[in-house]
Each structure stands twice: as structure tokens, then as C-alpha cells.
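The structure under discussion appears below in the form of C-alpha cells.
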Amino acid sequence: MEQEHLRTKIIKYTAVLVLISAVILVSSTIVVVAVRKAEERSYTAYVDSLVNEYRLRFQEQMSTDFEMLQILEALMEKGLLSREMVIADQVRDLAPNFSFYKVGYYAAGTEELEIHLPGSDRPYAFSSRPAEAQEAIRSAWSGENAVSQVYEENGARVVTYAIPVYQGDVVKGALTGIQGLDEFYNVINSVTTAGDKITIFWTKNDGTVIASSEGETVLDDGERMIASAEFPDRSDADREAIFRKTIRWEGTSYTLYCASMGDNGWNLIYIDNGKDIHSPIYSMIVLVVGAFAILFLACITAIIYTYRNTKKDNRKILSLAEQDQLTGMDNLSKFQWEAERLLAQDTGYCVAALNFRHFQYINDIFGKDQADELLVETAALLKRLLKKEERCCREKPDQFYLLLGETEEERIRERLHGIMEQISGLTANFHKNYAITLYCGVAVEQEPQDREELGKRLLAHSEFAMKMIRNGHESEIAFYDQKMHEEKQMNVMIESSRQEALENGEFHLYLQAKKDLEGGTICGAEALVRWIRKDGSMIYPDRFIPVFEKNGFCAQLDLHMVELTCQMQRNWLDQGITIFPIAVNQSKLLFYQEDYIDRLCEITDHYRVPRKYLVLEILEGLAAENLEELNQTILRLKKKGFQISMDDFGSGYSSLNILSGLEIDEVKLDREFLMAMGTNREAKQKTMMRNVVQIAKDIGIRTVAEGVETEADEKFLQSIGCNYGQGYYYSRPVPAVEFGERFLHGDQ
């Protein structure tokens, strides 16, 4: 009976679908005609975008090559790279993407090498260079970046890049690099982001083909077709657009799309025969027409298929909603539901949050496939080790939750250690020696006072306990306890009362002295914040700064400290006291705010404090994120008169590239350097400090060493030429008023 009813429904649905299809087919004929016209416009725009994409890639390759020469030029200008090194071809290993196979240096106007190395057989003399290369070098002598026309050298087709080398504002010479055409071949042979690959001709302005993406063979008489097209000269503004010209060739129409490459006279040309590519709208037309043609059969098939597979699909949807697709475990939602159900029957359970330590390194070392396999093996292991009424799930990529039927701490530790040891041994399956370590947070309530949402509470507490485990190298287990509860409450208090504390003036300015190691006098200070509550209790920065960094309040607090600093400096100036620069930490969030510099200037202008007395300290981690954008902000700050210092150099992201790439005035060496004194790392740390100080001096950056605590520290810093010292040896952080009385009234 049910089947007959279903069959009747299908017949009715089919009749309706046939009628609807007839109406749609008539309507579609009208639509297709209109869409076809739109398709022609869309097709032209689409091809324009493809050709323009090749032009942009071509120009990007040229920009990359110029940037490599400009790096060498900057090193020469700063004295870090000599002309002898350039001519002797000793710069090849300066960068992994160095692609020039010859570089040279030509003194301005001499038309010959300024330096001849004894015994060198490199044909770098200006007179021996091809005319194309000579023209590019002369352009560089005139102060312009240039790239030559293509020429042959030693049997290979090459171009010469040339950029001016300055001494002050005067061009002293030209730095050149000879580049093969392989990178350009790769560009014109590449596939576009849309997935199309078209035949691109790289030509001179007179139509001569330099190369094509078809290699040595030119498809369909392309050279002769391009020569017959006679592209007109265009203005600079017109060169940005794609020029199109339609020609007849052997009875067939072809459209030539031409993208100008600029002043070098190069063009990229695509000969369109209407067969190689189709615009998205064309595909839509084909699909629409085809879809209407088979709509009737498709609809009937869909109805029958849907009927037969409804139950199967429902099971699959349920699986997606409740299971982790990689491991097949329950997901967090299903785990929470199961945990609440089991805890409602029996509270004798604990929840453990289990996480791999440095799982990203496992991804990097073994690759994503083996890392995923490790997670799958871990899931299978956990399922085998758990009892019938216990549950587990995978939440984050490397985090698992366990519901264990245990409440005694010793028994919980025993089971978790066993689980963690077996997971650590899984790398043997991959024949790897990498030691996997895990850490685990556990929450258990022996006699819960409130059973409502007990599962959610245990989940939250176990994750909190897990996060309280500091970075280490061994597997660890932490239990949520009263101390963690108090710390959590403290975090809640910090989070909720931060704005009120700011408005009530509870954030106080403390200063720590900075000493000139050459002159022997106190010459500056660092501004530090202390939170002193109304009841007189003090909260130190290591408690509230991590919370503020997470919620973004650091940006507001840092500007407040700038204002307190300027306010104190104004008071000293009004008293006729000579002041010196004070460094104030600046959160990275500030550098992403458009009005950051304007707000700084408003503060200094309000208190009438010369900006040279404010040193803005940034962390090196900010430089690692976006060096170029940061440099732009730094240059704007320096133009306004502020000084810039990089704090905690050596604490995490340390890179000499960052140090040399930033336009900073000062670098502060992290206290970790001096903390190694008296340990087996002392000799290495001293060597590193000596070299960092020397490099900073060579590139014109002041150095400050933090953590100076002994006379021996000071003498060592003086011996290596460090400019300034800061630490308890000179003064602990003290209230700003006390600092002024000690160091600004001659009581040093």
C-alpha cells in the first residue's frame, strides 16, 4: 500500500516536472540569446584578465630581480659588501633565491671596470659587454633602474639588470646582474589562477618574437601574424590597458590581445582563436542548455534516488554531527552529551584534557600525513584503553578529552601516565626517534555540591589546569585545585576591573635607571607599570600583562603610560630640572591602529614635552610579523621626533636580518644573555653579545644591556663597547617621584 502510494506520487511529480520543463525550455531560448551577448562581453574581459595576469607575473619577476640588486647595493652603501667581493663573484650565497649567475660593478662614466682583480678572466670590462648591456649600464649611471634587451652570451640568452650605486646623493657606479631567461620562460608557461594555460608570445615593440610558451615551435604561424598586426604606439596611460586587434589570417578571424610591459618596449601577446579558452558565462550557457535537455530524466532519477537513499543519508548526517571525521571518535558535542548522561547516573568520574606538546613541530618534521596518522593511532589507542562506561573525544587538532571512571588522584595519575607512555611509543610505528611528550589537565569533584552542568564544569576546569602547565620537555599532569581556582578568580578580577582601575589611577609609573657605560652617569630610564589597588595591595605586571595582551587592553594601558611619563617630565621641566629620555613599552596592537601616531603626538603636544625625550620600545616579535609595514610606521614616528628601541632582543625571534632591516635607534639585549654568566654557557653568551654589539655599532644602532646586577657584568659590557646598562646594579624600579629625587637632583 505504501509503495503504491509512493508510485502515484512519483507519477504526479513527473507530470508536473514535464510541464515545468516545457515552460522553462521556451523561456531558456529567450534567456540564452540575451546571455550570449553578455557572454561575448564577459569573454573579452576574461581574456583581458588572463593576459594581464601574465603581465603582472612578468613584472613581479623583474621587480624581484631588481630587489636582489638593491639589497646588494644597500650592503655596499653601508660598507658591508665591497666592490671587490662583487667582482670576485663572492655574493652568490647571500640569499637562497639569488639567481644572477654574474654580477658586476662599473664606475660611473668610466665605461670600464673600476677595479681589476689580478688573474681574473671574467669578461666584465665595459667595452667587452654587448651593446644591449652597455645601454642598461649607461641608464643606471643616469640614476635609473634598467634592464637590457635580450642578447646571447656563452651560448645562452640573457638580459642584464643595472641599478645605480649611490654615495650620498651622487651616483658613483652601476651594479649589474646577468640573468638567464628561465624565470621568464616559467612565467609565460605557467597556469593562471583560473586554471587556464594560454600561448603567450613575448615580443619586442617591433613585433619580433623573443620567446613563446610553446618553446622553440611557434603555434599557427604566430610570428607572422604578430608582424602583420602592426600595433600602434600608445601613451603611458594607454599602456596599462590591454590592446586588442582583430585580423584575418588564411580565411579565419583571430583577435590579438597585447599587454605592454612598459618602457623596455616588451609586449606579451595572446593570439585568440576562440577555441583555447571559454569565459565562465560560456560554460554557464552550455550547462543551462544541457541541463534543460536532460531535466526530465534527471528529475525522475533524483526522485527515485532520493527515496532510496534518505535513510542512508540520515545516518551519514548523524555521523557528521557527532563524529570527528579524521579519527572516527566522538566530537566534543557528543562527548558533552554522553558525559552529562553518565554523570547524572554516577558522579564518580573525572575529566582529563590531553594535549600533545609542540604538535606543530611534529607536523613540520614528519609532514601532515604522518601527523594525521599519529592522531588516528592515538584515537584507536584511547578507545582500546578506556573501559565500557568511559568516553573520549577529539576537540582541537591535537587535543583530546577523556571521561574516566576514577576519582582518586593516585589512580588517575597511574592510568594517565600509562596512556601517555603508550601514545609516546607510537612513533616507533613510523620508525622515527622523535620523542613525543604530552601534558594533561585533570578536573575531579569528589563530592560535587551542584550536579547541574557538572560535565561542563569539569571540562572547563580540566582545560584550565592543562593551560596552567608551562612549556617543558617532559609529560606532565596537573590537577585543578584551589590554587588554580584562585588564579582563575584573579584573572576574572583583572579582566573585570581593568577599566575602573585605569579611571581611578591605580596604574602607577615606576622608573628603572639606565646608565651610560662610557660616561658613568645615569642618562635615561625605562617606564614600568605597577598596579596598586585601593587597599594598597600591588599586582605585578607578570600577573596582569598576559591577561591584557589577550584581551587587547595593553594598547590602552601603554598609551596611558606614555601620558603618565609625559606628565612627570612636564613637572620636572616646570621645576627647571634637566630631563633625559624615558623608554615606554608599546604593544603591537597599537601599530595596527590608524590613529596611533596622531594620539602619541596629541599627548606630547598637550604636555609640551620634546619628543626626543620619549623612546618607544617594541618587541622583536612584532618585526617578525611584517617588517616592511613596521618600518613604514617607524619612519613616520622618527619623522615626528620619537626614538625607537627594540626590546628583549635575543628572547625569541632573534634574527640579524630583523636587526639590520629595522630603522631603529636602539636595541636592548635581553637579560638572558647576562644570566648565563657563571654557567657553562658563559663563554658562548659573551661571544654572542660581543658580536651583536659590534654589528649594532657598525650599522649605527645604540645598544642597551638589561639585567646588569654585578660589577663584573658592568665591566664586561664596557669591554665590548656596549653603550648603556640597565638593571638592579644601578637601581630597582622605583616610583617616578622617588626616581626624580635620586637621579635628577644630583643624588646619583
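Using a 4.0 Å cut-off between a side-chain N of Lys or Arg and a carboxylate O of Asp or Glu, D398 and R357 do not qualify as a salt bridge. One finds no salt bridge joining E495 and K550 here, because no Lys/Arg side-chain nitrogen approaches an Asp/Glu carboxylate oxygen to under 4.0 Å.
The aromatic rings of Y596 and F591 lie tilted to each other, with the angle between the two planes from 30° to 60°. In this structure, H358 and Y361 have parallel ring planes: the angle between them is below the 30° cut-off, well short of the 60° mark. Between W572 and F739, the ring-plane angle classifies as tilted under the 30° and 60° cut-offs.
Atom CD of Q70 sits in a crowded spot, with more than 12 heavy atoms from other residues, nucleotides or ligands closer than 6.0 Å. Atom CD of E628 sits in a sparse spot, with 12 or fewer heavy atoms from other residues, nucleotides or ligands closer than 6.0 Å. At most 12 heavy atoms of other shown residues, nucleotides or ligands fall within 6.0 angstrom of atom CD in E711. No more than 12 heavy atoms of other residues, nucleotides or ligands lie within 6.0 Å of CE in M675, so this atom counts as exposed by the packing criterion. Annotation: R543, atom CZ; neighbour count of heavy atoms from other residues, nucleotides and ligands within 6.0 Å is above 12. At most 12 heavy atoms of other shown residues, nucleotides or ligands fall within 6.0 angstrom of atom CE in M688.
The structure places CG of L662 at 11.0 Å from OG of S645, a figure rounded to the nearest 0.5 Å. Atom-to-atom distance recorded for E663:CD and L627:CG is 9.0 Å, nearest 0.5 angstrom.
Side chains of Y613 and T604 form no contact here, defined as non-hydrogen atoms less than 4.5 Å apart. Residues L659 and I699 form a side-chain contact, since some pair of their non-hydrogen atoms from C-beta on lies under 4.5 Å apart. Using a 4.5 Å heavy-atom threshold, the side chains of L744 and F580 count as touching. A heavy-atom distance below 4.5 Å is found between the side chains of L600 and L616. Residues C601 and R611 are in side-chain contact: their nearest non-hydrogen atoms beyond the backbone lie under 4.5 Å apart. Within the 4.5 Å cutoff, side-chain heavy atoms of F716 are placed close to those of R690.
Counting all heavy atoms, side chain and backbone alike, M568 lies closest to A736 at CE-CB, 3.7 Å. The shortest non-hydrogen separation linking Y105 to A107 is CE2-N, 4.1 Å. In terms of heavy atoms, A146 sits closest to A136 at CB-O, 3.7 Å. Between E706 and L674, the shortest heavy-atom distance links the atoms O-CD1, 3.4 Å. Contact detail for P164 and E144: the closest heavy-atom pair is CD-O, 3.7 Å. In plain terms, the two heavy atoms of E563 and I603 that are nearest each other are CA-CG2, 3.7 Å.
Ring centroid separation for the pair F100 and Y161 comes in under the 6.0 Å cut-off.
Side chain of N723 to backbone of T703: a donor-acceptor contact under 3.5 angstrom is found. In terms of modelled atom types and a separation under 3.5 Å, the side chain of D647 and the main chain of L619 share no donor-acceptor contact. Side-chain atoms of R570 come within 3.5 Å of backbone N or O of R608 as a donor-acceptor pair.
If you check the side chains of E666 and Y724, you find no donor sitting under 3.5 Å from an acceptor. With hydrogens and angles left out, the side-chain atoms of D65 and Q61 include a donor and acceptor closer than 3.5 Å. With no hydrogens or angles considered, no side-chain donor-acceptor pair links Y510 and E738 at under 3.5 Å. R599 and Q593 are linked by a side-chain donor-acceptor pair at a separation below 3.5 angstrom, with hydrogens and angles left out of the test. In the model, N491 has no side-chain atom that pairs as donor or acceptor with a side-chain atom of E487 under 3.5 Å.
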N/O donor-acceptor pairs under 3.5 Å from side chains in residues 522-540, not counting sequence neighbours:
| from | atom 1 | to | atom 2 | distance (Å) |
| --- | --- | --- | --- | --- |
| E526 | OE1 | K668 | NZ | 2.9 |
| E526 | OE1 | Q726 | NE2 | 2.6 |
| E526 | OE2 | N585 | ND2 | 3.4 |
| W531 | NE1 | E506 | OE1 | 2.8 |
| D535 | OD1 | S537 | N | 3.0 |
| D535 | OD1 | S537 | OG | 2.7 |

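Among the candidates E709, K514, E714, Q512, the single residue satisfying the side chain to side chain donor-acceptor pair (under 3.5 Å) test with Y730 is E714.
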